[in-house]
Asker: 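This is the structure I want to talk about, given as structure tokens.
The chains referred to below are lettered A, B, ... by the order of the sequence lines, with proteins before strands, and numbering in each begins at 1.
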Protein chains: 2
Amino acid sequence: MALTTKDIALLAGVSQSTVSRSLNNSPLISVETRRRVLQIAEEQGFEFNANARGLSTNRTNTIGVIYPDDYLDHDVSLYLGSLLTQLRKILEQWDLDLIVSFKENRKTGIDSIKRLVMRKKVDGLIIVHSQSDTSTLEFLEKSDIPFVFLHFYHNSGKVEGINQVYTDHFTGGYLGTEHLIKLGHRRILCVSADAEGEYAQRRRGYQAALEHHKIAWDPALVLFGDRTFQSGYNLVLAHGDLFDSVTATFVHTDTMALGVMEALKATGKRIPQDIAVVGYDDVELTAYFQPRLTTVHQPREELATLACERLVQLLSAKRSLRGKQIKVQPTLVVRQSCGAHLA
Amino acid sequence: MALTTKDIALLAGVSQSTVSRSLNNSPLISVETRRRVLQIAEEQGFEFNANARGLSTNRTNTIGVIYPDDYLDHDVSLYLGSLLTQLRKILEQWDLDLIVSFKENRKTGIDSIKRLVMRKKVDGLIIVHSQSDTSTLEFLEKSDIPFVFLHFYHNSGKVEGINQVYTDHFTGGYLGTEHLIKLGHRRILCVSADAEGEYAQRRRGYQAALEHHKIAWDPALVLFGDRTFQSGYNLVLAHGDLFDSVTATFVHTDTMALGVMEALKATGKRIPQDIAVVGYDDVELTAYFQPRLTTVHQPREELATLACERLVQLLSAKRSLRGKQIKVQPTLVVRQSCGAHLA
DNA sequence: GATGGTTATGCATACGCTTGCATACACTTG
DNA sequence: CAAGTGTATGCAAGCGTATGCATAACCATC
């Protein structure tokens, strides 16, 4: 049916191994022979059988991308969805295929990571997931498969050994807050999410900026939502007095920020005149809302690129490399919602 | 290193082939032997080597999903992104992995479909792509690999032979239009996109509904955008007089509809009092905008489910089945932007 | 002209699994 | 009791590629 190296060998009048070596650029082959083999393979439209190759080399040229199960149920989708596209774009440069999976099969409950690795379907993993239960981590180290944590920062136990690429959310929190302070704001309401993880970092940056500028930190000025538009909207309705009492708010997710802005508008507030708003993430979605949202930009392309490059390094390394923590710096994108253009 | 069936065989005191048969539920194995083998395999955390299996059976338990290269550059992203999640959710029920790829590698220019199929990396394909150049189609038929076109309708040449799952856009166009007619509107502006393909169907439905209700069809009442929010917004600015002259508008993409609504609001129009708006797609995004958008719902989950089910059928069929055209009916979701709740 | 050294090629095996075929065993049955 | 019939298991080949090792061809050297 499909062409094999043996078929090409027959056509070229050489042995199967010569065909294999020719197509793999082995230095053992003479220029002339290689040329002829390549030409015939080309003419016949030959492609290697990936399974046979994988069996023989223990390499599949496929990498697994692990996503949270709910990645599109939540609004986090917009961000992670475009991250996936970036990954695909970058990995194709190395002719690497990409298997997407959720962390866990909801039907069977089977851990996708273990499954993909043990079945030898992937050469490496890019894990975009917040939780790293110890068992998974142990498994990864033991099975000696290259992997990179992307986006979510992991610090469970011995961080030294693992590779990860993530945004410096402390700095992000600091940047957004300081920007508002420099615009003259003193009481800045922080709308955040999640008790721990990256959001805690953002809050630490927020707090540090206040302290650095000698502004007392008021724990009452921190609200918690669930990252959704609706949650941002509802927080404004539920805590109208709090929003009345401040001149600015720093919302730790763009989608929530949009919800906050809509609710503020609905309650008659002008943005940024009555209250300045700064968001976090810089998702395309913000383009649809007026005023244009000033926000902390997460460098998606850079994150994706660095993660892939690191993974490729790990793949080609003879011995397993040391862990590398790659922290990417966010930047502030100044638009209109903060009022900077009015100053 | 990794466990093989041979290892399990040794532990169980049986031959390698008995292990293979046991794990594959062959009826040839005695209950007691199978039980013991399964238990040992379980204890040891055994998993099959997918490459060896693939080589032997010519099956990979992996299916390829082909996306347009630009699927997240455009706003179409919101819809296709969630479609992908649906596909993953459904395919995992059959323990099928999913390789995502763009139609064509932008670096090498190599056709992903051909590559994946010829290298035997996938058992089947779900193709979410509008163009089907004849060469690809010929290749697919010749290579005898199961494939299903999803979302985009293909009618090049002999449609009979191919399998596809798509929305009945004629009916969608009809539904949206008729709804407005029944609310009393006579002059309905149509904001569409793309000269051909699914958008042409939506326009045909629009036109049919008008004619059916004895309303003269006015070609001047059809505008064309590029499916983006911004394009919807700009059309309103560019054709303010046209929008003034009608009492309703049927926009053939939600994201465009949202742009249209924002622009209408910006020019002082009230929705739906001054002008009623109906969209198309029913993306989550619309939840963020007031008034809530009445729209034609594309049954994403159903589309994804049907495509997967059909593919699974094709995979397990002995001989290649006949082509099947699965047309899914859209439904109208009545919210506020059409004004029905005021009537 | 025998020896040694390159260089290019082929032979044969291994990778881990599936599966057709042979076989061994335990029963029935005439 | 020989022959037949299942039933459960093992043996061995084959899937297509990579690669260590043997070999052949060619040339240079003494």
Asker: In terms of side-chain heavy atoms of L28(A), which of dG16(C), dT9(C), dC15(C) is nearest?
Answerer: dT9(C)
Asker: Picking from dG10(D), dA12(D), dG16(D), which would you name as closest to the side chain of A52(A)?
Answerer: dG16(D)
Asker: For the pair made of CG in N58(A) and C1' in dT19(D), what is the distance, rounded to whole Å?
Answerer: 15 Å
Asker: May I ask you to check whether over 12 heavy atoms, not counting those of E196(B), lie within 6.0 Å of atom CD?
Answerer: no
Asker: Write down the distance between CD1 (I8(B)) and P (dT18(C)), rounded to a whole number of angstrom.
Answerer: 13 Å
Asker: Please report how far the helix from dG1(C)-dC30(D) to dG30(C)-dC1(D) bends, comparing the axis fitted to its first five pairs with the axis fitted to its last five, to the nearest 10 degrees.
Answerer: 70°
Asker: Among residues 29-51 of chain B, which ones have heavy-atom contacts with DNA chain C below 4.0 Å?
Answerer: F46(B), F48(B), N49(B)
Asker: Does any donor atom in the side chain of Q313(A) or E309(A) lie under 3.5 Å from an acceptor atom in the other side chain?
Answerer: no
Asker: Look at T5(A) and dT17(D) and indicate whether a side-chain polar atom (N or O) is within less than 4.0 Å of OP1 or OP2.
Answerer: yes
Asker: Knowing that exactly one of I126(B), V100(B), I63(B) qualifies, which makes a side-chain contact (heavy atoms from CB on, under 4.5 Å) with L87(B)?
Answerer: I126(B)
Asker: With a sphere of 6.0 Å drawn around CD of E43(B), does it hold more than 12 non-hydrogen atoms of other residues, nucleotides or ligands?
Answerer: yes
Asker: What is the distance, to the nearest angstrom, from the CG atom on D7(A) to the P atom on dC15(D)?
Answerer: 11 Å
Asker: For the pair made of NZ in K6(A) and P in dC15(D), what is the distance, rounded to whole Å?
Answerer: 6 Å
Asker: With a 4.0 Å heavy-atom cut-off, tell me which residues in residues 17-27 of chain B come close to DNA chain D, sorted by residue number.
Answerer: S17(B), T18(B), R21(B)
Asker: Donor-acceptor check, side chain of S56(A) to backbone of R53(A), threshold 3.5 angstrom: yes or no?
Answerer: no
Asker: Between R53(B) and dT18(C), is there a contact of a side-chain N or O with OP1 or OP2 at under 4.0 Å?
Answerer: yes
Asker: Can you classify the ring geometry of F149(B) versus H154(B) as parallel (below 30°), tilted (30 to 60°) or perpendicular (above 60°)?
Answerer: parallel
Asker: Looking at S15(B), I'd like to know whether one of its side-chain N or O atoms comes within less than 4.0 Å of OP1 or OP2 on dG10(D).
Answerer: yes
Asker: State whether D97(B) and R119(A) are salt-bridged, where the test is any N-O pair (Lys NZ or Arg NE/NH1/NH2 against Asp/Glu carboxylate O) under 4.0 Å.
Answerer: no
Asker: Might you confirm whether atom CD of Q44(A) has over 12 heavy atoms from other residues, nucleotides or ligands at distances under 6.0 Å?
Answerer: yes
Asker: From CG of L55(A) over to C1' of dC15(D), roughly how many Å is that when rounded to an integer?
Answerer: 9 Å
Asker: With a cut-off of less than 4.0 Å, is there a side-chain N or O of T4(A) near OP1 or OP2 of dG16(D)?
Answerer: no
Asker: Roughly how many Å is it from CG in L3(A) to C1' in dT17(D), rounded to a whole number?
Answerer: 15 Å
Asker: Once you round it to whole Å, what is the distance between C1' of dC15(C) and CZ of R59(A)?
Answerer: 16 Å
Asker: Around E42(B), counting heavy atoms of other residues, nucleotides and ligands shown, do more than 12 lie under 6.0 Å from its CD?
Answerer: no
Asker: Nearest whole angstrom, please: distance from the P of dG10(D) to the CD of Q16(B).
Answerer: 10 Å
